[in-house]
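What follows is one structure encoded as structure tokens, with my remarks underneath.
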Amino acid sequence: VPHEIDLAGYSSIADLIEDSFKNYPNRIAMESMGYTISYRQLDILSKDFAAYLQTLGLEAGSRIAIMFPNVPQYLIAMLGTLRAGFVVVNINPLYTARELEHQLQDSGASILVMLENFAHVYQEIANLGLIKKVIVSSLGESLGPKGVIINLIARHIKKLIPHWNFPCVKLNQALKIGSGHGFTKPNLRQDGIAFLQYTGGTTGVSKGAVLLHRNILANIIQIESWLNPALKNRQQQLVFLCALPMTHIFALTACGLLGMRKGAKLLLVANPRDITGFIKLLIKHPDINIFPGVNTLFHALIHRPEFKRVRLPNLLVTIGGGMAVQKKTAELWQKMMGVPIAQGYGLSETSPVVCVNTPFVKEFTGSIGMPVPGTDVLILGDDGIEVPFGSPGEICIKGPQVMAGYWNRPDETAQSITPEGYFKSGDIGIMNPDGFVQIVDRKKDMIVVAGYKVFPNEIEEVISQIPGVRECAVIGLSHRKLGEIVKAYIVKDKPELTEAQVIQYCKEQMTSYKRPRKIAFITEMPKSNVGKILRRHLRDL
């Protein structure tokens, strides 16, 4: 693996993707609901979308908000926006009207491109006049004759589309107009803005990380350099599973853009929450090579009896990111799949990948690996001084993938980047003398009990070992004498599990100040669209 990366030869992400259009025109670029689209078709469709945007008289640097699950229309709109020289604002399709309003207002987006299944959400705020034009697509659009059947099922049989009524342009009309107009390639530069990638807002209001073309380009090349030794000069087409939503930075870079860079087939999963349907898809596709996921997804799969039928003999690497992968989940996954989970780490602000284990790990390591090429990681104490190996401190990152700053928030940008140019992640980690990094927890999630620091991840790891615990999350509650105490929220697998059993187990495994003083059994954990457990929602309960 090279120590540094070279971005010479690319002025933008569009350049990199257009290389793939040239090199692999006849390969399948993506498969969605059984329908395939080639690299040649994706080239034409994204170019037509870019041409349509160019007919709208938008100013340079205009923001285009895109609100789709993993369907072909997302890639057509996202690539078309970049090729036209505009800025992509990825929007979680599961957002409420309040969250959508915040993101449209904060980004100042001119255009919203969305799936009609979510149009009712925009309907609630349509009268605010935040957007100049809305482009709407149906689920089956871009899926040929099969799409007509899919639309019929969505509208009439499953009633997946709540009523909406506002002026819009249909995506197929936009593509037709673009095709007739013709595309003019803009002059794009590496330091131009490519994405406003909104942070998950796990600890507060969602902020837009300004990601330049060179930030994303760098991270694609960094991950590729890291992965290449495992591909052994492989000539056959790779298959990337895209189960995590590509509006999220992990899937956008590590599945979508990296996959296209490698001329891979992207296997799109529109709704990974439908675990039964997802397992059926996995059974049909033993050809999957790269499987990025998050702990909650791996956990949900391995605990389904039908998952025992899944065979992935061509699986080269399983990448765990987005949140800490739990040891118990990783061990079960390896036992069933024969391939360990190589855990990585990144943030919206770092495009996202900072560290990752090598694809050659023989078992789950519990660490997040080492920094990718061109990346420096420091572990700093509260005083801003580097801590010794093995001591916890804030993970700080310097590298070509680090954002330019937060959109319209100069104060927050100044607070998050040190004078030496290191981004302060807000995550507590430990580095060993060999350079391997381990995540301890989010700085803001740390609980202080009678002056002792308690990290929720450690307690969650212990509680997750209790038979009958499906999921758990830990938060701090304010306490008059101790400052804070630990409270655990648990989703049960077995109804007979009691509070007393949990407390007894914790007593055997942990010192007194770390033990939960309060236990609450709940039916479902609040999660982000990627499946990350949202502790701030538990604090609001």
Side-chain angles (χ1 to χ4, degrees), residues 45-46 48-69 71 73-139 141-142 161-178 181 186 192-199 201 205-211 245-248 252 406-409 529:
L45 291 165
S46 60
D48 288 347
F49 187 76
Y52 172 72
L53 292 178
Q54 290 178 336
T55 68
L56 300 178
L58 300 170
E59 294 170 13
S62 288
R63 276 79 63 207
I64 313 297
I66 302 179
M67 189 173 178
F68 284 104
V71 290
Q73 297 94 309
Y74 171 76
L75 287 160
I76 292 163
M78 182 267 290
L79 294 173
T81 299
L82 294 176
R83 294 178 84 177
F86 299 121
V87 178
V88 173
V89 180
N90 278 316
I91 294 192
N92 176 354
L94 301 179
Y95 266 177
T96 61
R98 181 190 61 78
E99 292 164 319
L100 176 60
E101 180 189 343
H102 164 72
Q103 203 163 320
L104 293 177
Q105 215 155 23
D106 192 77
S107 66
S110 310
I111 310 290
L112 171 63
V113 198
M114 70 189 315
L115 196 66
E116 65 175 350
N117 303 52
F118 311 109
H120 66 285
V121 179
Y122 177 69
Q123 179 79 60
E124 290 183 46
I125 57 168
N127 63 343
L128 299 177
L130 298 172
I131 292 291
K132 289 178 185 168
K133 197 177 284 285
V134 184
I135 301 166
V136 177
S137 178
S138 62
L139 192 61
E141 213 172 320
S142 306
I161 303 160
H163 177 73
W164 60 277
N165 177 30
F166 52 79
C168 71
V169 174
K170 292 291 167 68
L171 180 63
N172 52 10
Q173 288 174 294
L175 295 174
K176 200 171 177 182
I177 293 166
H181 180 265
I193 302 174
F195 291 88
L196 286 191
Q197 190 66 33
Y198 278 75
T199 60
V205 69
S206 188
K207 304 184 287 279
V210 177
L211 300 179
M246 282 186 283
T247 50
H248 186 274
L252 171 69
Y406 290 115
W407 179 250
N408 289 341
R409 292 175 193 260
N529 65 321

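Values below: every heavy atom of this structure, side chains too, minus hydrogens, waters and symmetry copies.
- Salt-bridge annotation for D106 and R409: present, with a side-chain N of the basic residue lying under 4.0 Å from a carboxylate O of the acidic one.
- Across all non-hydrogen atoms, the minimal contact from A97 to E124 is CB-OE1, 3.5 Å.
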| Residues L79, F49; criterion side-chain contact (heavy atoms from CB on, under 4.5 Å); working and verdict | CA-CA 9 Å; L79 294 173; F49 187 76; over 6 Å; no
| Check against side-chain contact (heavy atoms from CB on, under 4.5 Å), Y95 and V121 | CA-CA 8 Å; Y95 266 177; V121 179; 5.7 Å; no
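- Within the model, atoms CE of M114 and CZ of F68 stand 8.5 Å from one another, a figure rounded to the nearest 0.5 Å.
- Atom CD1 of residue I135 and atom CD of residue Q73 lie 12.5 Å apart, to the nearest 0.5 angstrom.
- Nearest approach of L115 to P69, heavy atoms of both residues: CD2-CD, 3.8 Å.
- Without hydrogens or angle criteria, T199 side chain to S206 main chain gives no donor-acceptor distance under 3.5 Å.
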Using distance only, find each side-chain donor-acceptor pair of residues 86-94 under 3.5 Å and give its atom names and separation, not counting sequence neighbours.
from: N90; atom 1: OD1; to: Y74; atom 2: OH; distance (Å): 2.8
from: N90; atom 1: ND2; to: Q197; atom 2: OE1; distance (Å): 3.0
from: N92; atom 1: OD1; to: L94; atom 2: N; distance (Å): 2.8

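- Here the side chain of Y198 pairs a donor or acceptor atom with the backbone of S107 at under 3.5 angstrom.
- Of all heavy-atom pairs between A109 and A65, the closest is CB-CB, 4.0 Å.
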| query | Going through the distances and angles, do L45 and L175 end up as a side-chain contact (heavy atoms from CB on, under 4.5 Å)? | reply | CA-CA 7 Å; L45 291 165; L175 295 174; 4.0 Å; yes
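- Atom CE of M67 is separated from atom CZ of F118 by 6.5 Å, given to the nearest 0.5 angstrom.
- Closest of all the heavy-atom pairs between H120 and H163 is CB-O, 3.7 Å.
- T96 and E99 share a donor-acceptor pair across their side chains, judged by distance under 3.5 Å alone.
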| task | Quick one: do V210 and L196 satisfy side-chain contact (heavy atoms from CB on, under 4.5 Å)? Show the steps, please. | result | CA-CA 5 Å; V210 177; L196 286 191; 3.8 Å; yes
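- A distance of 8.0 Å separates CD1 of I125 from CD1 of I131, quoted to the nearest 0.5 Å.
- Each of I111, L112, L56 was compared with I64 under the side chain to side chain contact (heavy atoms under 4.5 Å, CB included) criterion, and only I111 meets it.
- Between the side chain of Q123 and the backbone N or O of N165, at least one donor-acceptor pair lies under 3.5 Å.
- Proximity of I193 to R63: side-chain heavy atoms (C-beta onward) are nowhere separated by under 4.5 Å.
- Not a single donor-acceptor pair under 3.5 Å links the side chain of E116 to the backbone N or O of I161.
- Taken from OH in Y52 to CD in Q173, the straight-line distance is 8.0 Å, to the nearest 0.5 Å.
- Of the possible donor and acceptor atoms, none in the side chain of S110 sits under 3.5 Å from a partner among the backbone N and O of K132.
- G80 and A50 make their closest contact through O-CB, 3.2 Å (heavy atoms, listed as atom of the first residue, atom of the second, distance).
- Note that the CG atom of N117 and the CH2 atom of W164 stand 10.5 Å from one another [nearest 0.5 Å].
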